[in-house]
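Structure, as structure tokens:
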Amino acid sequence: MSNEESPICPRLPDGKLLEGIVTTLNDDRSPHIAPMGPIVDADFSRLLLRPFCTSQTYRNLKRTRQGVLHVTDDVELFAKAAAGQLEEIPPLVPATEIDGVRLADACRWYEFRVTTIDDRAERTEVVAEIVVAGRIRDFFGFNRAKHAVIEAAILATRLQILDPAYVRQEFGRLASPVEKTGGQEERRAFEFLKRYVDDRTARPAPEAL
Ligand SMILES: Cc1cc2nc3c(=O)[nH]c(=O)nc-3n(C[C@H](O)[C@H](O)[C@H](O)COP(=O)(O)O)c2cc1C
């Protein structure tokens with residue numbers, strides 16, 4: 001099978017990657033909110049999450065074996081949750097079928113139960129079945145700024161493995177669609193991520209060398 005034909009994931013041959021927000025419960029039952037990109041099958045009945053074994057989401061899924069995936073266009077939430085810097089927990093409501101919480105403001109949500117966990121690799125594979133789903137509001141739609149913020153948020157979570165010069169270069173490139181097509185929310189989210197990355201990739205001052 002050529003690369004063009006090969007599915008993104010052999011375990012879910014019709015699957016597509018969906019950048020969403022996953023809520024899980026911590027040990028003390030406080031909510032945990034993290035961007036995650038599971039592979040979702042065509043009829044949204046199953047998902048394959050791939051959380052790093054170092055992530056809180058993985059620990060929570062392993063312990064509780066349940067959670068909620070949300071589809072949302074709220075890129076500020078993506079940015080702040082990716083950085084682990086949510087100043088305020090967004091409004092939540094109790095989940096319907098699982099022991100957990102849902103974001104009160106999202107486009108769609110999918111409550112799921114974990115069926116299998118393969119944690120032999122650093123990036124674990126967690127297969128889950130969707131038990132109930134719902135819709136709250138329309139998705140805003142595409143714009144380049146929203147996509148740029150999602151890309152920037154992913155870069156911000158990979159600072160340990162990426163070359164800082166590459167990250168700065170990518171932020172330079174992503175700034176243009178944000179300026180050209182973004183509203184206030186996208187600009188705030190991008191500025192937040194830029195500051196976050198600048199703080200963590202600052203070049204030492206010459207006198208400190
Ligand atoms: C759009 C997006 C998708 C992401 N997808 C994943 C993923 O599939 N697996 C993962 O471990 N981290 C992913 N991350 C990074 C985590 O959200 C981030 O590292 C988070 O702080 C770690 O998760 P935790 O809060 O559960 O520890 C993603 C980040 C973004 C912005």
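One-based numbering, in listed order, for ligands and for the atoms of each. The chain is numbered in sequence order, starting from 1. Because the structure is a prediction, the values reported are computed rather than measured.
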Checklist entry - Which of the atoms of ligand 1 are close to Gln56, meaning less than 4.0 Å from one of its heavy atoms? => result 24 (P), 26 (O), 27 (O)
Item to check | Contact atoms of ligand 1, heavy-atom distance to His32 under 4.0 Å | outcome: 24 (P), 25 (O), 26 (O)
Checklist entry - Which atoms of ligand 1 sit under 4.0 Å from any heavy atom of Arg50? => result 7 (C), 8 (O), 9 (N), 10 (C), 11 (O)
Checklist entry - What protein heavy atom sits nearest atom 29 (C) of ligand 1, and how far away is it? => result Pro35 CB, 3.7 Å
Item to check | Rounded distance (nearest 0.5 Å) linking atom CD of Gln66 with atom CZ of Arg113 | outcome: 6.0 Å
Checklist entry - When you measure from atom 20 (C) of ligand 1 to each heavy atom in Gly20, Ala82, Ala79, which option holds the nearest one? => result Ala82
Next on the checklist: Are the side chains of Asp99 and Thr64 in contact, using a 4.5 Å heavy-atom criterion?
Outcome noted: no
Item to check | Polar side-chain atom of Thr23 near backbone of Ile33 as donor-acceptor pair, under 3.5 Å | outcome: no
Checklist outcome for this item: The closest protein heavy-atom partner of atom 31 (C) of ligand 1 is Ala153 CB, 3.5 Å
Item to check | Arg123 heavy atom under 4.0 Å from ligand 1 | outcome: yes
Next on the checklist: Less than 4.0 angstrom from a charged side-chain N to a carboxylate O is my criterion; do Arg63 and Asp27 meet it?
Outcome noted: yes
Checklist outcome for this item: Near Thr157 (heavy-atom distance under 4.0 Å), the atoms of ligand 1 are 15 (C), 18 (C), 19 (O)
Checklist entry - Taking a hydrophobic cluster as the set of Ile, Leu, Val, Met, Phe, Trp and Tyr residues connected by side-chain heavy atoms closer than 4.5 Å, whether directly or through intermediates, do Val149 and Leu18 fall within one such cluster? => result no
Checklist entry - Just how far is it from atom CD1 of Ile150 to atom CG of Leu174, taken to the nearest 0.5 Å? => result 11.5 Å
Next on the checklist: Quick check on contacts: which atoms of ligand 1 are under 4.0 angstrom from a heavy atom of Ala34?
Outcome noted: 25 (O), 26 (O)
Checklist entry - Where is the nearest protein heavy atom to atom 12 (N) of ligand 1: which residue, which atom, and how far? => result Met36 CE, 3.7 Å
Item to check | Ser30 and Asn26 side chains, donor-acceptor separation under 3.5 Å | outcome: yes
Checklist entry - Which of these, Phe52, Tyr58, Phe78, has its nearest heavy atom closest to atom 11 (O) of ligand 1? => result Phe52
Next on the checklist: Just to check, does Pro51 reach to within less than 4.0 Å of ligand 1 when the distance is taken from its heavy atoms?
Outcome noted: yes
Checklist outcome for this item: Heavy atoms of Phe171 and Phe190 approach each other most closely as O-CZ, 3.4 Å
Checklist entry - For atom 3 (C) of ligand 1, which protein heavy atom lies nearest, and how many Å away is it? => result Glu19 OE1, 3.3 Å
Item to check | Sub-4.5 Å side-chain heavy-atom contact between Phe78 and Thr72 | outcome: yes
Checklist entry - For atom 22 (C) of ligand 1, which protein heavy atom lies nearest, and how many Å away is it? => result Ser55 CB, 4.2 Å
Checklist entry - Please walk me through it: do Arg59 and Gln56 pass side chain to side chain donor-acceptor pair (under 3.5 Å)? => result CA-CA 5 Å; Arg59 286 192 290 276; Gln56 186 63 35; 2.7 Å; yes
Item to check | Closest approach of any protein heavy atom to atom 2 (C) of ligand 1, naming residue and atom | outcome: Ile154 CG1, 3.6 Å
Checklist entry - Is the closest N or O pair between Gly37 and ligand 1 shorter than 3.5 Å? => result yes
Next on the checklist: Within 45 degrees of the ring normal and closer than 6.0 Å to the centroid, is that where the cationic atom of Arg188 sits relative to Phe192?
Outcome noted: no
Next on the checklist: Checking the N or O distance criterion of under 3.5 Å, is ligand 1 in contact with Thr57?
Outcome noted: yes
